[in-house]
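Treat the numbers as computed from the prediction; the structure is a model and nothing was measured. By convention in this document, chain letters (A, B, ...) are assigned in the order of the sequence lines, proteins followed by strands, and residues within each chain are numbered from 1.
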2 protein chains.
Amino acid sequence: MPANVKKTNPSMQDVARFAGVSIATVSNVINRPEKVSAATTEQVRAAIAELGFVRNDAARSLATGTTSSIGMVLADLDNSLFVDMAHGAQQGADAVGLRLLIGNAACDMTRQDDYLRLFDEARVGGVLLSPMEDSLAGIERMRSHGRPMVLLNFEQSGADCCTVLVDNEEAGYVAARHLVETGRTRIGFVAGRDYYQPVHARRLGVQRAVRETGGVELEEIGTDGLGFEDGLAVAHDLAGRAADRRPDGIVAVTDEIANGIAEGLHATSAVQVPGDIAVVGCEDNRSARSGPVALTAVQLEGAAMGQAAAELLLEEMKTPAGEHRHRTVMIRPGLVVRASTAVPAPQA
Amino acid sequence: MPANVKKTNPSMQDVARFAGVSIATVSNVINRPEKVSAATTEQVRAAIAELGFVRNDAARSLATGTTSSIGMVLADLDNSLFVDMAHGAQQGADAVGLRLLIGNAACDMTRQDDYLRLFDEARVGGVLLSPMEDSLAGIERMRSHGRPMVLLNFEQSGADCCTVLVDNEEAGYVAARHLVETGRTRIGFVAGRDYYQPVHARRLGVQRAVRETGGVELEEIGTDGLGFEDGLAVAHDLAGRAADRRPDGIVAVTDEIANGIAEGLHATSAVQVPGDIAVVGCEDNRSARSGPVALTAVQLEGAAMGQAAAELLLEEMKTPAGEHRHRTVMIRPGLVVRASTAVPAPQA
DNA sequence: GCCACTGATTTAAGCGCTTAAATCCGGGAC
DNA sequence: GTCCCGGATTTAAGCGCTTAAATCAGTGGC
């Protein structure tokens, strides 16, 4: 219908005029229909449809001082963990009729900051942030403006916010425990440097699992980084050892490392996964490079984190300022068992 | 500094009072600093910092009738193609200083509609939409409100919008061509039903490639659906045939099917991939189930699509209403060669 | 000393919506 | 016939910002 295209966005005023009522009545039809007689409602509805009226949200939120949306700034949408968080948050928001707006920082600190500022200026009801390293400045800015905010997956020291974390100590524990329970007795923990927070926690968890169990040894195998290449290097080392001098089960601190190890061992074909060595990863990241063997991994439960975060945020949003007590929620990781830790078949 | 938390969001009025100037001067300091003397600017800046003032975007956009953001509604963030599109769009938006807000429909039509409505009410500058089947109603609503909009990856018949599509005919052609060039002579095209738009186009492309080449046969192998299971079924069929009665190269219309075929053949181990049969997928979807062999696949170039879409949108946004001519941009797919189409080694 | 002129600042009129308070109007109740 | 009442509708006062137009100094020219 290109013939009767509306030139300009009609306002409530236009609708009111068209329907022969006052602007307040139009507003009432939209917001409190029970206050308006049936006949009038009908007329106004017709006018709205006829004119193609769309309520101007800027004016609305200016007048009411509220918004119906919350913002979420994600560190990296390429990483499926964050996509899962978005899902969870969306679910949480949906439940109370809030709309979730997503900004993807794409690992760019400037962009993270831009989005925070945008949401701040847009006066969203609150913000969910999966911060990148050292986001304190941006966080404090939001806080000082009194905007509710929840941090996801990162413990920003000094930040005065509710936080949702995955229990990384538990993640390490679960991974190691799984190996022990499937009969492995020489556990290897492959870990990058400790100064990346979660690595440290996972190490602790693995140690605890080993300590709790009799007759199991633990070897810690260091790497330079946390990537696929580092896993390959470890595989190379392992393949060169005598059979009785290498672990029979490995907890890799990331999926990338785990895949690197599996790939490296697969290539030499001297050592079988899971026959000779079982491998567990620690992130269950869909986007992790897919290896030659389906990887058993600890699930970081992104959706659960997102949902918990949304709930914390809503809680803070509806608590009168000043009365809110920040909380930290720990999400317990799960375990997804796949081929890389299958119990060796008898005849193998 | 919990001691001097600001109770309420300070307004420009507050800043003006604090700095001892008029509200217009504050506005000028923010928007046209060149109009204000250095000394005044300094005072106002100080007041802004001291009070923690944040410009209220609702008021601003109400007063100016403009926004600095565009919206993007994605069918499914779990699918990496859409994530790529988001990246591309973001890049396009960044280039002109617009902010990109993302809504994830998560395959839910209602949610897609909610987001469209939200963006409409928020008066965003324009909307990018990767529509789900039959989104005509929502699209028309936006269009009739005069909101610029670009469709991605789906040709909605009857929609009066710019559109960015991947050239699916070309995708089929590229895939088949690759097989032929690596020496395969009996091509199989594994395809679900034709009524899913891209399937049809890809079929045409494969046919063209075969037609263009002498000495190559084409066999079309139908499936019920487009998933992993369907691929498994095809593998089963193939494995049961005599060696000279089966294709030596397969174009699967989706990655899922391709992975199913590879997995199924791998399991029987009677037929080798790529030794006996090379397999090409058609989406290069990172989230596709990872198979036993790294899959050669046609790249749908999500990022390029996103960027092209953003550019079309910006073009429409700055063209005076009525003068805009809609365009459709076809993105040419690329090819990512991996193990599943490696040329058989001589000794194998 | 008066004036036109320039640059800095202020005034004031909205932008489109919400909402408390005021107004209207048609029935009973008396 | 007069009052009062309650539901329906309208009036009017903002919400916080932008911006064109008006005001207000100083300056230098004469």
Interatomic distance, [X] [atom1] vs [N] [atom2] [rounded to whole Å]:
X: B/I23; N: D/dA22; atom1: CD1; atom2: P; result: 20 Å
X: B/Q13; N: C/dT11; atom1: CD; atom2: P; result: 10 Å
X: A/R17; N: D/dT10; atom1: CZ; atom2: C1'; result: 15 Å
X: B/M12; N: C/dT10; atom1: CE; atom2: C1'; result: 15 Å
X: A/R60; N: D/dG16; atom1: CZ; atom2: P; result: 16 Å
X: B/E34; N: C/dT9; atom1: CD; atom2: P; result: 13 Å
X: A/R55; N: C/dT18; atom1: CZ; atom2: P; result: 6 Å
X: B/D14; N: D/dC15; atom1: CG; atom2: C1'; result: 13 Å

Taking OP1 and OP2 of [N], is either one under 4.0 Å from a side-chain nitrogen or oxygen of [X]?
X: B/S11; N: D/dG16; answer: no
X: A/R123; N: D/dC15; answer: no
X: A/T64; N: D/dC15; answer: no

Does a salt bridge link [X] with [Y], judged by any charged N lying under 4.0 Å from a carboxylate O?
X: A/D94; Y: A/R99; answer: no
X: A/R17; Y: A/D14; answer: yes
X: A/R143; Y: A/E316; answer: yes
X: A/R60; Y: A/D57; answer: yes

So which one's nearest nucleotide on DNA chain D is more toward 5', A/T41 or A/A63?
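Upstream on the strand: A/T41.
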
[X] near the nucleic acid: base, sugar-phosphate alone, or nothing, with a heavy-atom cut-off under 4.0 Å?
X: B/S27; result: base
X: A/T25; result: base
X: B/V26; result: nothing
X: B/N31; result: sugar-phosphate
X: B/S61; result: nothing

With respect to the side chain of [X], which nucleotide from [options] is positioned closest?
X: A/A24; options: D/dC17, D/dT10, D/dC15; result: D/dT10
X: B/S37; options: C/dT9, D/dC17, D/dT10; result: C/dT9
X: B/R32; options: D/dC17, D/dT19, D/dT10; result: D/dT19
X: A/N28; options: C/dC17, D/dT10, D/dC17; result: D/dT10

B/N104 side chain vs B/L77 backbone, donor-acceptor pair below 3.5 Å
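A pair under 3.5 Å: yes.
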
Verify the distance criterion only: is there a donor paired with an acceptor across the side chains of B/D160 and B/H326 at less than 3.5 Å?
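Yes, B/H326 and B/D160 have a side-chain donor paired with an acceptor closer than 3.5 Å.
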
5' priority, DNA chain C, between B/L62 and B/K35 [closest heavy atom]:
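Checking each residue's closest nucleotide, the 5'-ward one belongs to B/K35.
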
Assuming nearest nucleotide by heavy-atom distance, tell me which of B/V36 and A/N56 is located more 5' along DNA chain C.
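Here B/V36 is the residue nearer the 5' end.
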
